[in-house]
Colleague: 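Have a look at the structure that comes next, please.
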Amino acid sequence: MPGRTILLTITAILDGPCHRVLRVGTAMMLAIALLAPQLSLAAPSNTNARAAAPVRKRKPPAVKTVSPPIVLAEETAQTVRSEAASRMIAWVAAAHDNGKLPYVVIDKQAATLFLFSAKGDFLGEAPVLLGIGIGDDSSPGVGAKSLEEIGPAERTTPAGRFIAKFGRALGRQRVLWVDYTNSVALHAVITTHKAEHRVERLLSPTPDDNRISFGCINVGTSFYSKKLRPLFQRKGGMVYILPDTKSLDEVFPRVRLLPYLDTVASR
């Protein structure tokens, strides 16, 4: 090869003792000068390659789609409360009648239960099933009768103020006893008798078909197990049941004091 011959010639010329220092640097400079044209010819040119490469268009950023949040039934706006329910709820909060216990207010005409913490915080509402009989009092001695002995007119859910606590019922089931003497309890909906369609009655949009029980108060299983039972499990709580036929003031005379309680609270 020409380059190798040139290097050998340069090395022979500079191979003298007096040129020992100079020969290395000079030889390298001459070698680079002679080999540079050949290296430049052998090296591929990148200029044409870059020019020939297609121009890639930048993709626009992907647009992220956000699905709307799923709203549970319990998170929707609360139903319109009746005047009686609004008065009752306001009175319990103003008078602190519940003491240090959680409480529920049950509007029988609307077949709706309102749940509150011991501090009066609203925790949710749910439809309920009630006694098939229309009335605000329990029949005398109804608690001592078997279910077969209780007539339709006696199957009422009594109105009033009750201190409710958990206890045993038939079949070793624990229920929230509202009126133990008259066998009135608050528990999850019963699905034993399919012909009664109790779950369907709870899910119906009107309270017209919510009268089916012997007097007990049935609520949806999820609401009962996740909200109501944990709140009442330890110490129980207060249950206020609004009347069917009587006036609110007749069953709860102290509700008449609500305007005066509001006046005192505003001072």
Side-chain angles (χ1 to χ4, degrees), residues 73 78-89 92 103-116 124-140 142-143 145 147-164 166 169-170 173 175-225 227-229 232 237-248 250-252:
Q78 64 187 40
T79 57
V80 178
R81 297 172 182 171
S82 65
E83 180 183 358
S86 298
R87 285 184 63 201
M88 192 69 206
I89 292 170
V92 175
Y103 60 98
V104 297
V105 174
I106 298 174
D107 187 346
K108 284 204 292 181
Q109 295 186 14
T112 303
L113 177 151
F114 304 97
L115 179 64
F116 297 87
E125 64 185 64
V128 291
L129 300 180
L130 304 165
I132 195 171
I134 303 297
D136 297 316
D137 300 297
S138 295
S139 298
V142 68
K145 295 182 179 181
L147 295 179
E148 293 77 12
E149 296 174 327
I150 303 174
E154 296 179 297
R155 301 175 185 181
T156 58
T157 300
R161 175 184 182 271
F162 303 92
I163 301 175
F166 272 92
L170 294 177
Q173 179 187 5
V175 297
L176 182 63
W177 284 111
V178 176
D179 185 356
Y180 183 82
T181 303
N182 293 307
S183 299
V184 178
L186 198 166
H187 53 78
V189 61
I190 296 175
T191 58
T192 306
H193 305 288
K194 302 297 183 182
E196 292 179 344
H197 302 286
R198 293 201 178 197
V199 175
E200 290 81 0
R201 291 172 184 269
L202 279 176
L203 296 176
S204 65
T206 66
D208 299 337
D209 58 352
N210 287 40
R211 304 286 182 141
I212 190 61
S213 76
F214 281 80
C216 287
I217 304 144
N218 289 197
V219 70
T221 303
S222 178
F223 187 91
Y224 179 80
S225 60
K227 289 192 173 184
L228 196 149
R229 184 172 60 189
F232 281 67
M238 303 299 300
V239 176
Y240 303 90
I241 304 177
L242 308 189
D244 271 328
T245 57
K246 297 179 181 180
S247 67
L248 184 67
E250 184 179 357
V251 179
F252 301 98

Colleague: Just wondering, do H187 and N218 contact through their side chains at under 4.5 Å, heavy atoms?
Modeller: yes

Colleague: Just so I know, are the side chains of R198 and I190 near enough to count as touching, which here means a heavy-atom distance under 4.5 Å?
Modeller: yes

Colleague: Indicate the atoms forming the closest heavy-atom contact of L147 with F214, along with that distance.
Modeller: O-CE2, 3.3 Å

Colleague: Do any N or O atoms from the side chain of T157 and from the backbone of G131 form a donor-acceptor pair under 3.5 angstrom?
Modeller: yes

Colleague: Is there side-chain contact between V189 and Y224, with heavy atoms separated by less than 4.5 Å?
Modeller: no

Colleague: Are D209 and S204 linked by a side-chain donor-acceptor pair shorter than 3.5 Å?
Modeller: yes

Colleague: Please check this pair: side chain of K108 against backbone of I134, looking for a donor-acceptor N/O pair closer than 3.5 Å.
Modeller: no

Colleague: Taking all atoms of both residues into account, what is the closest heavy-atom pair of P207 and A111, and its distance?
Modeller: CB-CB, 3.7 Å

Colleague: Before giving the answer on side chain to side chain contact (heavy atoms under 4.5 Å, CB included), spell out for L242 and F252 the whole-Å C-alpha distance, their side-chain angles and the decisive distance to 0.1 Å.
Modeller: CA-CA 9 Å; L242 308 189; F252 301 98; 4.2 Å; yes

Colleague: Among V251, V184, D137, which residue meets the side chain to side chain contact (heavy atoms under 4.5 Å, CB included) test with P158?
Modeller: V184

Colleague: Hey, is E154 close enough to K145 for a salt bridge, meaning N to O under 4.0 Å?
Modeller: yes

Colleague: Please check if atom OH in Y180 has more than 12 non-hydrogen atoms from other residues, nucleotides or ligands closer than 6.0 Å.
Modeller: no

Colleague: Any chance you could measure L129, atom CG, to E196, atom CD, to the nearest 0.5 Å?
Modeller: 9.5 Å

Colleague: Testing the 3.5 Å rule here: is there a donor-acceptor pair between the side chains of T112 and D107?
Modeller: no

Colleague: I'd like to know whether CD of E83 has more than 12 heavy-atom contacts from other residues, nucleotides or ligands below 6.0 angstrom.
Modeller: no

Colleague: Working to the nearest 0.5 angstrom, can you tell me the gap between R81 CZ and M88 CE?
Modeller: 13.0 Å

Colleague: Are any of the side-chain heavy atoms of R229 and L176 separated by less than 4.5 Å?
Modeller: no

Colleague: With heavy-atom distances below 4.5 Å as the criterion, would you say the side chains of D244 and R211 are in contact?
Modeller: yes

Colleague: Is any side-chain heavy atom of L130 closer than 4.5 Å to a side-chain heavy atom of N210?
Modeller: no

Colleague: List the atom of P127, the atom of V219, and the distance in Å for their closest heavy-atom pair.
Modeller: O-CG2, 3.8 Å

Colleague: Side chains of T191 and T221, heavy atoms from C-beta outward: is any pair under 4.5 Å?
Modeller: no

Colleague: Mark yes or no for whether D136, through its side chain, and K246, through its backbone, hold a donor-acceptor pair below 3.5 Å.
Modeller: yes

Colleague: Mind checking the CG-CG spacing from L186 to D179? Nearest 0.5 Å is all I need.
Modeller: 12.5 Å

Colleague: When you measure from the side chain of S139 to the backbone N and O of V142, does any donor-acceptor pair fall under 3.5 Å?
Modeller: no

Colleague: Taking all heavy atoms of S183 and all of G143, pick out the closest pair and write down the distance.
Modeller: OG-O, 3.3 Å

Colleague: Taking all atoms of both residues into account, what is the closest heavy-atom pair of E125 and F223, and its distance?
Modeller: O-CE1, 3.7 Å

Colleague: I need the single residue from F162, F114, F232, F116 that forms a side chain to side chain contact (heavy atoms under 4.5 Å, CB included) with V104. Which is it?
Modeller: F232

Colleague: Using 0.5 Å steps for rounding, measure from the CZ atom of R201 to the CG atom of D208.
Modeller: 11.0 Å

Colleague: How long is the span from the OG1 atom in T156 to the CG atom in N182, to the nearest 0.5 Å?
Modeller: 8.0 Å

Colleague: With the side chain counted from C-beta on, respond yes when I163 and M238 share a heavy-atom pair under 4.5 Å apart, and no when they do not.
Modeller: yes

